[in-house]
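Residue numbering restarts at 1 for every chain, and letters A, B, ... go by the order of the sequence lines. Computation of the quantities below employed the complete heavy-atom set of this structure, encompassing side-chain atoms and omitting hydrogens, waters and symmetry-equivalent molecules. Note that the coordinates shown come from a computational prediction; the quantities given were computed from them, not determined experimentally.
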Amino acid sequence: MATTDAIKVLKERGFFSQCTDEAGLIEKLKEPTRFYCGFDPTGPSLHCGHLVPVFAMAHMQRAGHLPVVLVGGGTARIGDPSGKTEMRQMLTIDQIKSNVEEFKKQLGNFITFEDGGAIIADNADWLAPLNYIDFLRDIGRHFSVNRMLTFEAYKKRMETGLSFIEFNYQLLQSYDFLELNRKYNCSLQIGGDDQWGNIVAGMELIRRIERKESFGLTFNLVARSDGKKMGKTEKGAVFLNKEMTSVYDLYQYWRNVDDADVGKFLKLFTFLPVDECERLGALEGAEINAAKEILAFEFTKIIHGEDDAVTAREAARAAFKSGGTADKSGMPSIEYSITQMKEGINIVDLFTETGLCPSKSESRRLVSQNGAAVNDEKINDVNTIINETFITSDNDILLKAGKKRFFRIVIK
RNA sequence: GGGGAGGUUCCCGAGUGGUCAAAGGGGGCAGACUGUAAAUCUGUUACUUCGGUUUCGAAGGUUCAAAUCCUUCUCUCCCCA
C-alpha cells in the first residue's frame with residue numbers, strides 16, 4: 001500500500017508537537033506502519049477532549065498506516081498522573097467493560113476497522129493476568145525511580161501526593177507498548193504531549209528487552225483560546241454519545257467557539273482541506289459566523305451522520321433567526337397535551353421542568369433578571385402563567401433562557 | 001508507631017460562640033454592548049410549598065445559640081522513627 005507523508009499532514013493541520021527521531025520516523029513511514037494510541041475508558045463515552053489523537057489516527061490511517069487502537073481496560077483500573085492534580089476515581093470492572101464497548105463503537109466513526117485496516121486491543125488482556133513478582137523482575141528492573149522522579153508529570157504530584165499505584169502507570173503503559181510491539185509489530189506510539197514521558201519510557205523498554213527501535217510522536221494539547229479545556233462546559237464534558245450530549249448541544253458547542261479558534265479547530269476537528277480551513281478561519285467580523293457553522297456542521301456530521309447534522313443546523317438557524325420557517329425539530333423539546341396547557345403552568349415551574357433551569361430558585365432568578373422569554377417576548381414576572389394563549393401557529397411554544405438556550409414545547 | 005498542620009459553599013480562600021447561607025477572588029449565569037465572537041461594565045450565584053428547610057470531612061456532645069467549644073472516627077499533607 002502506498003503511503004503519503006503523514007508527518008507533513010499532521011504538521012500542516014496543527015497536530016504535531018514533537019517526535020523522537022523525525023528523520024528516522026519519516027523514513028519509517030514510507031512503508032505502511034503499525035502505530036498505536038491508547039484511550040483509558042474511564043467514562044461512559046468519549047468526549048471532545050479525547051479527539052485530537054483520534055483525528056490524528058484517522059489522518060495516519062488515511063495516509064496508509066495501520067492503527068492499533070488500544071483501549072485501556074486494564075489501565076483504567078488505576079490512574080495516569082500525567083497532568084492531573086487529582087487521583088482518579090476507581091471504577092468497577094463492569095463499568096469499565098461497558099465503557100470499552102462504547103469507546104470501540106465511537107472510534108468506528110473515525111477509523112475503519114474493515115479488512116484489517118485497524119486493530120483494536122484491550123490491555124486488560126495482558127495486564128489483568130500479570131503476576132506481580134514476574135512483572136517486577138522482568139519489567140520493573142528496567143525502570144529507575146530516580147529517573148522517573150525527574151519527569152514533569154511526577155514533579156507536580158510530588159507536592160500534592162502521588163500514590164504508588166499511580167506511580168506505576170508509566171510501567172504499565174510501557175509494558176503495553178512492548179506487548180503491542182511483540183504482538184503486532186507496532187513500532188510507533190502517538191498521544192498527547194502529556195504522554196511524552198510515558199511514550200519514551202515505553203521505547204526504552206522495547207530497546208532494552210527486544211533490542212528494537214521504536215518511535216514516539218506527540219500532539220499539541222489543544223486548549224481553547226479562552227484557556228478552558230477542550231470539550232468541557234460548565235455542565236461537564238461534551239460527549240459523543242447522543243444520549244449524554246444531544247446532537248443539538250454538540251452542534252452548538254462547536255458553533256460557539258471563539259473566533260480565534262475557528263481556523264485551528266477546522267484543521268484539527270474536520271477533514272476539510274487545509275487551505276479551505278485557513279480561508280474560513282481568516283474571515284473577519286461577522287463573516288466568521290459562516291465558518292463556525294461549517295465547523296459545527298462538519299464535526300456533527302462525522303459523529304452523528306449527515307441527517308442529524310442537518311437537523312441540528314436547521315434547528316439552530318430556526319432558534320437564532322426569528323421568523324424563519326426553518327425546521328425546528330432538532331431543537332430540544334418536550335410534548336405537552338393541550339389539556340395541560342389549558343390548565344396553565346407557572347413560568348418558573350415550566351423553566352424548571354424543561355431542564356432550562358436546574359432548580360426553581362435559579363428559574364426564578366432567571367425570570368426576575370429578565371433572562372427568560374416565551375416566543376421571543378421577555379417575561380420577568382415570576383407569577384406569569386403560561387397557558388394555551390401562548391401557543392403559536394406552529395402549534396408550539398418556544399422558551400428561551402438567556403440568549404442561547406432554547407427549548408420547544410410541542411403541543412399535541 | 002510518635003509529633004505537627006489541615007479538611008469551609010462549583011474552585012481557591014477568609015472566618016475561631018450569636019450581626020454567617022458564611023468576606024474576597026476565580027468560574028458560572030443573567031443584563032447592557034454585539035456577530036450565537038472577544039473585551040468591558042452591571043447584577044447575580046444552597047434549596048424552598050417563601051412559612052421555612054438543609055449546608056462548613058463524619059458521628060455524637062456542651063450551649064438559649066456552633067463552621068466556630070468538647071469527644072470519637074475518617075481523610076490529606078509535613079516532620080521524626
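Between the OH atom of A:Y253 and the P atom of B:A37 there is a distance of 15 Å, rounded to whole Å. A:L295 places its CG atom 17 Å from the P atom of B:U36, with the value rounded to the nearest Å. Across the protein-nucleic acid pair, A:I294 atom CD1 and B:U36 atom P stand 16 Å apart, rounded to whole Å. The nearest whole Å value for the distance from the CG atom in A:N380 to the C1' atom in B:G31 is 12 Å. We find that NZ of A:K400 is positioned 11 Å from P of B:A30, with the value rounded to whole Å. We find that CG of A:D261 is positioned 16 Å from C1' of B:G35, with the value rounded to whole Å. One can place CD of A:Q252 at 11 Å from P of B:U36, the figure rounded to the nearest angstrom.
For the P atoms, the distance from B:A14 to B:U55 is 24 Å, rounded to whole Å. The same atom, C1', is picked in B:C50 and in B:A59; the two are 32 Å apart, to the nearest Å. Spacing between B:U44 and B:U49 at atom C1', rounded to whole Å, works out to 24 Å. A distance of about 33 Å separates the P atoms of B:U62 and B:C11, rounded to the whole Å. Taking atom C1' in both B:U48 and B:G43, one finds a spacing of 23 Å when rounded to whole Å. B:U74 sits 14 Å from B:G60 when the C1' atoms are compared, rounded to a whole Å. Using C1' as the reference atom, B:A67 and B:C56 are 5 Å apart when rounded to the nearest Å. When the P atom is compared between B:A32 and B:A38, the two are found 15 Å apart, to the nearest whole Å.
The backbone N or O of A:F219 lies less than 3.5 Å from no partner atom in the side chain of A:S17, so there is not a single donor-acceptor pair.
Here A:D258 lies in heavy-atom contact (under 4.0 Å) with sugar-phosphate atoms only. Within the 4.0 angstrom heavy-atom criterion, only backbone atoms of the sugar-phosphate kind lie near A:K378; the bases stay farther away. A:R255 comes within 4.0 angstrom of a base, heavy atoms only. Among the protein residues, A:N370 comes within range of the sugar-phosphate backbone only, with heavy atoms under 4.0 Å from sugar or phosphate atoms but none that close to a base. Note on A:A401: only backbone sugar-phosphate atoms sit closer than 4.0 angstrom, heavy atoms only; bases stay farther off.
Picking from B:U36, B:C47, B:G35 the nucleotide with the shortest atom distance to the side chain of A:S359 gives B:C47. Comparing B:A30, B:U36, B:A32 by their nearest atom to the side chain of A:K403 picks out B:A32. Distance from the side chain of A:Q369 is smallest for B:U44 among the nucleotides B:G35, B:U36, B:U44.
Partners of A:F110 according to the ring-ring contact (aromatic ring centres under 6.0 Å, His included) rule, which considers only residues two or more places apart in sequence or in another chain, are A:F55. For A:F265, the ring-ring contact (aromatic ring centres under 6.0 Å, His included) test picks out A:W254, A:F269, with sequence neighbours left out. Checked against side-chain hydrogen bond (donor to acceptor under 3.5 Å, both in side chains), A:T270 has no partners two or more places apart in sequence or in another chain. Among residues two or more places apart in sequence or in another chain, the side chain to side chain contact (heavy atoms under 4.5 Å, CB included) test is passed with A:E314 by A:V310, A:R317, A:A326, A:D327. Residues forming a ring-ring contact (aromatic ring centres under 6.0 Å, His included) with A:F103 (at least two apart in sequence, or on another chain): A:H50. With sequence neighbours excluded, no residue satisfies ring-ring contact (aromatic ring centres under 6.0 Å, His included) with A:F113.
Near RNA chain B, meaning a heavy atom under 4.0 Å from it, residues 266-288 of chain A has A:G285, A:A286, A:I288 in order of number. Applying a 4.0 Å cut-off to non-hydrogen atoms, none of the residues of residues 302-309 of chain A approaches RNA chain B.
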- Could you run down nucleotides 49-54 of chain B 5' to 3' and tag each one B, S or - for protein heavy-atom contact under 4.0 Å? SB----

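Pairs passing the salt bridge (Lys or Arg N to Asp or Glu O under 4.0 Å) check and including a residue from residues 118-132 of chain A, sequence neighbours excluded, do not occur. Identified under the ring pair (Phe, Tyr, Trp, His ring centres under 6.0 Å) test for residues 392-412 of chain A, with sequence neighbours left out: A:F320-A:F406.
Contact annotation: A:K404 side-chain N/O to B:A37 OP1/OP2 distance is under 4.0 Å. Residue A:R365 places none of its side-chain N or O atoms closer than 4.0 Å to OP1 or OP2 of B:G43.
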- Encoded 5' to 3' (Watson-Crick or G-U under 3.5 Å; [ ] crossing; | other strand), RNA chain B becomes (((((((..(((.....[.....)))((((((.......))))))((....))...(((((..]....)))))))))))).

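Between A:H304 and A:L250 the shortest side-chain heavy-atom distance falls below 4.5 Å.
Going from atom CZ of A:R147 over to atom CG of A:L149 covers 11.5 Å, rounded to the nearest 0.5 Å. Atom CD1 of A:I347 sits about 10.0 Å away from atom OG1 of A:T352, to the nearest 0.5 Å.
Both tests hold for A:R62 against A:F271: distance to the six-membered ring centre under 6.0 Å, angle to the ring axis within 45°.
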- Show your reasoning for whether salt bridge (charged side-chain N to carboxylate O under 4.0 Å, His left out) applies to A:E12 and A:K267. CA-CA 8 Å; A:E12 275 177 354; A:K267 284 194 275 189; over 6 Å; no

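The pair A:E388-A:K342 fails the salt-bridge criterion, with no side-chain N (NZ, NE, NH1 or NH2) lying under 4.0 Å from an Asp/Glu carboxylate O. With respect to A:E210 and A:R182, a salt bridge is recorded, a charged nitrogen being found less than 4.0 Å from a carboxylate O.
Summary of the strand contacts: A:T352 and A:A316 both lie near RNA chain B, and taking for each the nucleotide with the nearest heavy atom, the more 5' one is attributed to A:A316.
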